[in-house]
Number of protein chains: 2
Amino acid sequence: MGAGTTRRSSPAAEAWALMFELIHLSKRRFMAIASEFDLSPPQVMALRQLDPAEPKPMSELAIALRCDNSNVTGIVDRLEDRGLVERRPAERGAQVRAGLAARLDEPPEALANLSPEDQLALRDIMRRALGRA
Amino acid sequence: MGAGTTRRSSPAAEAWALMFELIHLSKRRFMAIASEFDLSPPQVMALRQLDPAEPKPMSELAIALRCDNSNVTGIVDRLEDRGLVERRPAERGAQVRAGLAARLDEPPEALANLSPEDQLALRDIMRRALGRA
DNA sequence: TATTGTTATACTCTATAACTATA
DNA sequence: TATAGTTATAGAGTATAACAATA
């Protein structure tokens with residue numbers, strides 16, 4: 001069996017492989033949206049985590065981004081240099097955040113094109129998978 | 001609505017958000033496996049793409065990794081320095097590949113713990129989503 | 001003292017541009 | 001000439017270690 005095989009030992013394993021593939025395919029879309037806003041991927045993730053209404057300590061941001069504490073310094077530095085963030089979220093940053101959300105929250109075509117029944121079933125299974133049942 | 005909200009406009013959008021969350025959660029696992037093999041993420045992806053039986057031109061590798069051509073040079077350089085790859089896959093590289101596959105192909109707990117019915121339903125929906133029905 | 005954030009350092013990844021080799 | 005691959009260069013992300021400030 002070569003790369004890209006989708007028939008696997010268990011349904012969960014195959015679903016996982018397909019999900020991985022979908023994410024990989026969606027990476028292009030993500031990168032396109034990121035550069036649409038002239039942001040690097042970690043900057044996108046950082047901006048999505050921040051909310052002007054609820055300031056977060058940088059250590060919390062590091063946890064959310066799953067990277068080292070020292071790293072957040074640089075990421076936030078660059079966002080701050082562009083006035084998108086202030087070590088307390090700034091006005092323009094909030095606008096960019098809203099724009100990003102609108103673009104990124106759209107499901108990829110592969111999911112949007114599913115039948116309404118499949119969409120509902122998929123949502124319910126994913127809720128159960130993540131304990132949100 | 002703050003970050004981490006899961007109730008969204010359409011089932012597909014919510015499923016997408018949950019899937020994104022699952023992938024993000026699984027990143028830690030991926031990084032752990034990568035460092036278990038002492039490989040960087042792009043090195044993992046490169047090694048997974050390569051097959052001793054079917055040598056690939058580096059330009060094809062660049063497409064698979066969704067990065068620039070010039071970039072592959074450095075990634076392959078480092079893999080070659082460690083004798084995992086030879087600009088024609090080497091023996092030890094094949095072993096590492098097999099080990100990697102065994103670890104990475106396991107679905108994350110969130111999926112493995114689903115009921116058999118949910119696993120089957122999820123697999124079938126993902127097949128349809130990616131046109132493998 | 002323990003936590004938070006920064007700086008220093010070093011390595012990897014990334015793209016663009018310019019170059020070489022080759023079909 | 002066109003394609004494949006490399007090198008040069010510059011910028012960003014990443015972690016570790018050491019440090020400063022502070023609760």
Side-chain angles (χ1 to χ4, degrees), chain A residues 23-51 54-90 93 96 100 104, chain B residues 23-51 54-90 93 96 100 104:
Chain A
I23 294 291
H24 197 48
L25 285 173
S26 301
K27 196 186 167 187
R28 172 163 308 181
R29 199 178 70 115
F30 178 85
M31 296 302 289
I33 295 175
S35 57
E36 195 178 295
F37 288 84
D38 196 24
L39 295 170
S40 70
Q43 286 174 339
V44 169
M45 300 307 282
L47 215 42
R48 296 204 82 187
Q49 290 294 330
L50 293 173
D51 186 338
E54 315 170 11
K56 270 188 190 181
M58 295 180 64
S59 53
E60 210 170 305
L61 197 52
I63 293 170
L65 297 180
R66 281 152 184 78
C67 70
D68 191 84
N69 219 322
S70 66
N71 214 326
V72 177
T73 300
I75 295 170
V76 170
D77 276 352
R78 284 177 277 272
L79 283 172
E80 199 171 32
D81 285 347
R82 292 172 48 189
L84 297 183
V85 133
E86 247 198 15
R87 246 92 189 187
R88 183 183 346 136
V96 174
L100 268 177
L104 288 172
Chain B
I23 294 290
H24 198 194
L25 285 173
S26 302
K27 196 186 167 189
R28 172 162 309 181
R29 201 178 68 114
F30 178 85
M31 295 303 287
I33 295 175
S35 56
E36 195 178 296
F37 288 84
D38 196 24
L39 295 169
S40 70
Q43 285 174 340
V44 170
M45 300 307 281
L47 214 42
R48 296 205 81 186
Q49 291 294 331
L50 293 172
D51 186 338
E54 315 169 10
K56 269 187 190 180
M58 295 180 65
S59 52
E60 209 171 305
L61 197 52
I63 293 170
L65 296 180
R66 284 154 180 76
C67 69
D68 192 85
N69 219 322
S70 67
N71 214 327
V72 177
T73 299
I75 294 171
V76 170
D77 276 351
R78 284 178 277 273
L79 283 173
E80 201 172 32
D81 285 347
R82 293 173 48 191
L84 297 183
V85 133
E86 246 198 16
R87 247 93 190 184
R88 181 181 352 134
V96 174
L100 267 176
L104 289 171

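Side-chain atoms are counted along with the backbone in the values below, which use heavy atoms only and exclude waters and symmetry mates. Note on naming: letters A, B, ... go to the chains in the order of the sequence lines (proteins, then strands), and numbering restarts at 1 for each one. Just so it is clear, the model here is predicted, and its values are computed rather than measured.
- Going from atom CD1 of A/I75 over to atom P of D/dG13 covers 5 Å, rounded to whole Å.
- Residue B/R28 contributes atom CZ, which lies 11 Å from atom P of D/dA15 at whole-angstrom precision.
- Between A/L39 and A/R82 the shortest side-chain heavy-atom distance falls below 4.5 Å.
- For the pair A/P42 and A/S70, both in contact range of DNA chain D, the more 5′-proximal nearest nucleotide belongs to A/P42.
- As a whole-Å value, the separation of A/D77 CG from C/dG5 C1' is 11 Å.
- For B/T73 and D/dT6, the shortest distance from a side-chain N or O to OP1 or OP2 is below 4.0 Å.
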**Prompt:** So B/F37 and B/L47, side chain to side chain contact (heavy atoms under 4.5 Å, CB included) or not? Walk me through it.
**Reply:** CA-CA 11 Å; B/F37 288 84; B/L47 214 42; over 6 Å; no

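- Judged by distance alone, with hydrogens and angles left aside, the side-chain atoms of A/R66 form a donor-acceptor pair with the main-chain N or O of A/A64 at under 3.5 Å.
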**Request:** For side chain to side chain contact (heavy atoms under 4.5 Å, CB included), just list the numbers for A/L65 and A/N71, CA-CA rounded to whole Å, side-chain angles, deciding distance to a tenth of an Å, and then say yes or no.
**Result:** CA-CA 10 Å; A/L65 297 180; A/N71 214 326; over 6 Å; no

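- B/S40 has no side-chain polar atom (N or O) that falls below the 4.0 Å cut-off from OP1 or OP2 of D/dT14.
- Counting to the nearest Å, the C1' atom of C/dT16 and the CG atom of B/N69 are 12 Å from each other.
- Between B/N71 atom CG and D/dT6 atom C1' there is a gap of 12 Å when expressed in whole angstrom units.
- When the P atom of D/dG13 is taken as reference, atom CZ of A/R66 falls 18 Å away, rounded to whole Å.
- Closest to the A/M58 side chain, of the nucleotides C/dG5, C/dT12, C/dA15, is C/dG5.
- With rounding to whole Å, A/D68 atom CG is found 15 Å from C/dT7 atom P.
- Look at CD on A/Q43: it is 10 Å from C1' on D/dG13, rounded to the nearest Å.
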